[in-house]
Amino acid sequence: MSRFYITTPIYYVNDAPHIGHAYTTVTADAVARWHRLLGDDTLLLTGTDEHGLKVQRAAEENGVTPIEQADVTSKRFRDVWDEIDVAYDQFIRTTESRHHHAVQELLTRAKDNGYIEKGSYAGYYCVSCEAYYTESDLVDGNCPVHERPVEWFEEENYFFKLSALEDELTDWLNSNTVFPDGKRNEALGIVKLGLEDVSITRTSIDWGVQVPWDDDHVFYVWYDALINYATAAGFGSDEAEFDKWWPEAHHIIGKDILRFHCVYWPAMLIAAGLQPPKEIHVHGFLLLGGKKLSKTGLTQIAPADLVADFGVDGFRYHFLRDVSFGPDSEFSYEGMVARYNSDLANTLGNLLSRVTTVVAKKCDGIGPAPQLDSPLAAVAAESYRTAADAWARVQPSVALEAIWNLLRETNAYLEQHEPWKLPEGSDEVKTVLGNALEVLRLAAILSSPALTRAGEAIWAAIGLEGSPLDQRLPDAAAWGGYPGGLSVTKGQPLFPRLKVDNGS
RNA sequence: GGCGACGUAGCUCAGCUGGUGAGAGUGCUCGACUCAUAAUCGAGAGGUCGUGGGUUCGAGUCCCACCGUCGCUACCA
């Protein structure tokens, strides 16, 4: 059996979950769902990053312990994922003991291999922030947060010898592992400019993973966080499990963390004697009016608000269909409404309505079987090929476009044959409606990575037992699977049209 | 300052290693239909492919410069 391991970044608990997080996570979830349809043994991982100064400080402000603080904020992410049908297999928290073990084990191996050594870190330090700043961070020579003078500080730290791995990283990046190409080139560019060793431990805080060979230090939050992908696969706790999953690791990330994932992370793995990830897929930003979602813009758009207006399916469909995975993408409420109405309400929802109505009128509500040599069969086959290829390349928008092309062809097919005008119960009317029902069966299955709920509703409406999620590709995508003789029922509109307003 | 990305129909975007008259969806106009969620189908209008050069028999697709937007990076006061 094939295996498929896919991850989202783990999100920093201090951030409020927003549509940027949701976009990444829904994409990973949809790809995972496609692989489950293929019958792959699939592991979808998401989680929260819970160490570091900011969490420690937030806890102090709230008068709770760091872990209590993290318990509350981590749950916010799980709640949102539940709201938008993200079916993760594991939700990892960096505060779990298995993760501490994994971090210590991985970095100890890197140290044993000679890639970690003690050095001294020097920089401008703000006592109030308890943090270092580079000269370019300073505002008029002062701390950018407190606007007070900084001090020149030096402390002993452990450094990761990134500079020693430039050749290995270049080779790895050239081996077809980072997508799309433009993002791979960015990573190559970073390596090409020359890598400096990086400080990976801190003595100034204690909310983190203890450095096993030196009690005074904890690992800097980034180097602890990245290792979550290995932890969840079993590193440090179940080596057999790790060996099983790790070769199939696919990371989905936003371009803001490209450097950490496409340079530092593979370097850490190489240093520890492990294999770098199989593939990293990097997406762009969601833009509001041409500008990157600012912190305020981001937090003003809560996933729950959009779900309230568009439903779970409408929410997921927008991000999967309207956003081209890779480049930056424009986000607009009006765009969401337009896409929802045209694709979900009109093309798909209305197709189901008209077919079920005509089956009721012309076939006594019993759905006929499709014609094996239907002209729609070729269209369906092409749609499937395109979609399968697109999901494999992590291009959900292309996959969904292919499925909707089949739906549009089906609407045209109905127009051409006008089953509502054909004699009741005739062979002709059965042929036409059987073909349309077959398309709906296919759509229920093939759209299910995006539409987690409509698929089930269509399935039931055309009289099929079970769930489209139980179907297995590619067999289930073969034309002719609708058996006929099933009771077809017209229900409420699948996706009621939305009136255009300015949103809120 | 260095490196890089992007700039294609009103809008959102496709356009692989250069080659028949530049595409999709949406929006708009006209027509058809009325089974259906004022849905559907057909036809049409609409683009100097940021600007200016260059390479080529031929460039949206390669090269250079410039403009615009954005990002990363720099022991730049």
Side-chain angles (χ1 to χ4, degrees), chain A residues 122-124 134-141 152 180-196 254-260 262-263 282 284-287 289-294 318-319 321-363 386 389-390 393 395 397-398 400-402 404-405 407-422 424 429 432-433 436 440 488 490-500:
Chain A
Y124 293 103
T134 63
E135 193 161 344
S136 59
D137 290 331
L138 302 180
V139 179
D140 296 327
W152 182 257
D181 289 348
K183 297 296 191 289
R184 189 193 65 207
N185 288 335
E186 266 187 55
L188 276 167
I190 290 170
V191 177
K192 203 173 166 186
L193 281 174
L195 299 174
E196 294 189 359
K255 69 179 185 181
D256 51 328
I257 51 178
L258 181 148
R259 166 182 294 268
F260 283 100
C262 300
V263 180
V282 187
F285 292 143
L286 298 178
L287 308 177
K291 294 187 173 177
K292 180 188 173 185
L293 282 178
S294 66
H318 166 74
F319 288 109
R321 170 62 187 87
D322 253 349
V323 178
S324 181
F325 189 96
D328 289 351
S329 176
E330 204 65 46
F331 173 86
S332 82
Y333 190 92
E334 293 71 20
M336 264 186 100
V337 172
R339 180 62 74 181
Y340 174 97
N341 278 338
S342 77
D343 284 13
L344 299 182
N346 298 350
T347 303
L348 174 58
N350 185 56
L351 176 64
L352 178 66
S353 290
R354 66 198 306 212
V355 170
T356 51
T357 298
V358 182
V359 168
K361 288 185 179 173
K362 298 290 182 177
C363 300
T386 303
D389 176 64
R393 293 182 295 115
Q395 293 291 313
S397 66
V398 176
L400 293 172
E401 184 181 27
W404 259 256
N405 184 51
L407 295 172
R408 279 190 294 270
E409 290 287 339
T410 304
N411 274 318
Y413 171 82
L414 289 178
E415 215 61 40
Q416 212 172 80
H417 295 277
E418 301 184 303
W420 45 90
K421 287 185 178 173
L422 295 171
E424 187 175 334
V429 86
V432 174
L433 292 174
L440 287 167
V488 171
K490 179 174 169 70
Q492 292 299 109
L494 207 51
F495 297 103
R497 271 185 73 84
L498 296 174
K499 277 186 284 185
V500 184

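Throughout, protein chains are lettered first and strands after them, A, B, ... in sequence-line order, and every chain is numbered starting at 1.
Stem regions annotated for RNA chain B: B:1-7 with B:67-73, B:10-13 with B:23-26, B:28-32 with B:40-44, B:50-54 with B:62-66, counting only runs of 3 or more consecutive pairs of Watson-Crick or G-U type with both contacts under 3.5 Å.
Taking atom P on both B:rU40 and B:rU51, the two are 36 Å apart, rounded to the nearest angstrom. As rounded to the nearest Å, B:rU55 and B:rC11 have P atoms that lie 34 Å from one another. Straight-line distance between the P atoms of B:rG46 and B:rC41: roughly 24 Å, to the nearest whole Å. Nucleotides B:rG47 and B:rG42 place their C1' atoms 24 Å apart, quoted to the nearest Å. Nucleotides B:rA59 and B:rA22, compared at atom C1', are 12 Å apart to the nearest Å. Straight-line distance between the C1' atoms of B:rG60 and B:rG23: roughly 12 Å, to the nearest whole Å. Look at the P atom in both B:rU26 and B:rG2: the space between them is 46 Å, to the nearest Å.
In this structure, CG of A:Leu195 is placed 12 Å from C1' of B:rU73, rounded to the nearest angstrom. Rounded to an integer number of Å, the gap from CD of A:Gln492 to C1' of B:rU37 is 10 Å. Here the P atom of nucleotide B:rU69 and the CZ atom of A:Phe285 are 18 Å apart, to the nearest Å. Atom P of nucleotide B:rU73 and atom CG of A:Leu258 are separated by 11 Å, given to the nearest angstrom.
Partners of A:Asp328 under the side chain to side chain contact (heavy atoms under 4.5 Å, CB included) rule, at least two apart in sequence or in another chain, are A:Lys255, A:Phe285, A:Leu287. Contacts of A:Thr386 classified as side chain to side chain contact (heavy atoms under 4.5 Å, CB included), with partners at least two apart in sequence or in another chain: A:Glu382, A:Val398, A:Ala402. Judged as a ring-ring contact (aromatic ring centres under 6.0 Å, His included), and not counting sequence neighbours, A:Trp420 has no contacts. In terms of the side chain to side chain donor-acceptor pair (under 3.5 Å) criterion, A:Arg408 has no residue partners (sequence neighbours excluded). When the side chain to side chain contact (heavy atoms under 4.5 Å, CB included) test is applied to A:Glu409, the partners found at least two apart in sequence or on another chain are A:Leu376, A:Val379, A:Asn405. Under the side chain to side chain contact (heavy atoms under 4.5 Å, CB included) criterion, A:Glu424 pairs with A:Lys362, A:Asp364, sequence neighbours left out. In this structure A:Asp322 satisfies the side chain to side chain donor-acceptor pair (under 3.5 Å) test together with A:His318, A:Arg339, sequence neighbours excluded.
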Please write out the pairs of protein N or O atoms and N or O atoms of nucleotides 40-42 of chain B separated by less than 3.5 Å, giving the distance to one decimal.
{"from": "B:rU40", "atom 1": "O2'", "to": "A:Arg354", "atom 2": "NH1", "distance (Å)": "3.1"}
{"from": "B:rU40", "atom 1": "O2'", "to": "A:Glu415", "atom 2": "OE1", "distance (Å)": "2.8"}

Protein-nucleic acid N or O pairs under 3.5 Å, nucleotides 9-14 of chain B:
{"from": "B:rC13", "atom 1": "OP1", "to": "A:Glu330", "atom 2": "N", "distance (Å)": "2.8"}
{"from": "B:rA14", "atom 1": "OP1", "to": "A:Ser324", "atom 2": "OG", "distance (Å)": "3.3"}

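Remark: the backbone N or O of A:Leu286 is not paired with any side-chain donor or acceptor of A:Ser329 at under 3.5 angstrom.
In the set B:rG4, B:rU37, B:rC72, the nucleotide with an atom closest to the side chain of A:Glu186 is B:rG4. Checking B:rU37, B:rU26, B:rC35 against every side-chain atom of A:Ala338, the shortest atom distance belongs to B:rU26.
For A:Lys255 and B:rA5, the shortest distance from a side-chain N or O to OP1 or OP2 is not below 4.0 Å. Neither OP1 nor OP2 of B:rC33 sits under 4.0 Å from any side-chain N or O of A:Lys421.
If you check every strand for non-hydrogen atoms under 4.0 Å, A:Lys362 touches nothing. Within the nucleic acid shown, A:Gly335 has no heavy atom closer than 4.0 Å to any nucleic acid atom.
Side-chain contact check for A:Asn350 versus A:Leu494: every heavy-atom pair is 4.5 Å or farther apart.
The salt bridge (charged side-chain N to carboxylate O under 4.0 Å, His left out) contacts involving residues 180-190 of chain A comprise A:Asp181-A:Arg184, where partners must be two or more places apart or lie in separate chains. The stretch residues 340-362 of chain A participates, sequence neighbours left out, in these ring pair (Phe, Tyr, Trp, His ring centres under 6.0 Å) pairs: A:Tyr340-A:Phe495.
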